[in-house]
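To start, the structure under review is shown below, and the notes come after it.
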Amino acid sequence: MAWTTVPAFHLLPPLFALHKPTAPPCFFSNPSSALQHTRLSPTLRLPFQPSSSSFGNQICRAAEYKFPDPIPEFAVAETEKFRAHLLTKLSKKDIYGDSVQEVVGVCTEIFNTFMHTEYGGPGTLLVLPFIDMSDTINERGLPGGPQAARAAVKWAQEHVDKDWNLWTGDDGT
């Protein structure tokens, strides 16, 4: 296996993209440009040849995939299931006291917005809405922001993609 030294900054955008997947530029459309670097730039050793013509083509084809648009009816149904679960789960915890309805309201509002605007099926469930839940709960001076966000993300990971597949009739293969 040949090892090639490539500037690390060529790899950062696709590895750290946390927003809704969009078609990123093809970073290796000119494979020889991937090999140009200076002594001051950080480098990474990779077990591939970026100069191979198939490598650049594979990245470009993967970047062309378009996720489906959100389905409003699915978003409404899933948000209601989310709210009911979170209310049941958080009501069992002593840390919320009289604030449980407000905490669930914050989480549900953020989840609903995400489901209506960003979620387009498996592969599009992002961590950012759950971070926003914890931050918003904490900013409002409510108890248990991290715990509520953890319960919310755990439920979403177990249910949202499966429910989407049932809703759309896609068996996931």
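The first residue of the sequence shown is numbered 1, and numbering continues consecutively from there. Quantities reported herein were computed from a predicted structural model and do not represent experimental measurements.
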*To the nearest 0.5 angstrom, please state how far the CG atom of D163 sits from the OG1 atom of T168.*
10.5 Å

*Could you go step by step and tell me if F114 and L125 meet the side chain to side chain contact (heavy atoms under 4.5 Å, CB included) rule?*
CA-CA 9 Å; F114 169 73; L125 184 61; 3.8 Å; yes

*Between atom SG of C107 and atom CG of N112, what is the distance when rounded to the nearest 0.5 Å?*
12.5 Å

_If I compare all heavy atoms of V106 with all of M133, which pair ends up nearest, and what's the gap?_
CG1-O, 4.4 Å

*asked:* Is it the case that the side chain of H85 and the backbone of K81 share a donor-acceptor pair, with hydrogens and angles ignored and the cut-off at 3.5 Å?
replied: no

*Find the distance between CG (L126) and CG (D132) and round it off to the nearest 0.5 Å.*
10.5 Å

_Euclidean distance, L90 CG relative to Q147 CD, rounded to 0.5 Å_ = 9.5 Å

_For S134 versus P146, what's the shortest heavy-atom pair and its separation?_
OG-N, 3.5 Å

*Classify the angle between the aromatic ring planes of W155 and H159 as parallel (below 30°), tilted (30 to 60°) or perpendicular (above 60°).*
parallel

*Any chance CD of Q101 has more than 12 other-residue heavy atoms, nucleotides or ligands included, within less than 6.0 Å?*
no

*Closest non-hydrogen atom pair between K92 and T88, with its separation*: CG-O, 3.5 Å

_Y119 and W164 aromatic ring geometry - parallel, tilted or perpendicular at 30°/60° bounds_ = perpendicular

*Can you find a pair of side-chain heavy atoms, one from W167 and one from E73, that are under 4.5 Å apart?*
yes

_Nearest heavy atoms of L86 and A152, plus distance in Å_ = CD1-N, 4.0 Å

*Can you tell me if CD on E109 sees more than 12 non-hydrogen neighbours from other groups inside 6.0 Å?*
no

*Which heavy-atom pair separates V104 from R83 by the least distance, and what is that distance?*
CG1-CG, 3.8 Å

_Any Y96 side-chain heavy atom under 4.5 Å of I137 side chain_ = no

_In one Ile/Leu/Val/Met/Phe/Trp/Tyr side-chain cluster, 4.5 Å: V76, F82_ = no

*State, with a plain yes or no, whether a side-chain heavy atom of T124 is found less than 4.5 Å away from one of E118.*
no

*Under the side chain to side chain contact (heavy atoms under 4.5 Å, CB included) rule, what do E80 and T108 come out as? Steps first, then yes or no, please.*
CA-CA 8 Å; E80 185 52 37; T108 302; over 6 Å; no

*In Å and rounded to the nearest 0.5 Å, what is the NZ to CZ distance from K154 to F130?*
13.5 Å

*What closest approach, in Å, do F67 and P122 show between heavy atoms, and which atom pair accounts for it?*
CE2-O, 3.5 Å

*Distance (rounded to the nearest 0.5 Å) between D170 CG and D161 CG*: 10.5 Å

*Common cluster, L166/I71, ILVMFWY with side-chain heavy-atom separation under 4.5 Å*: no

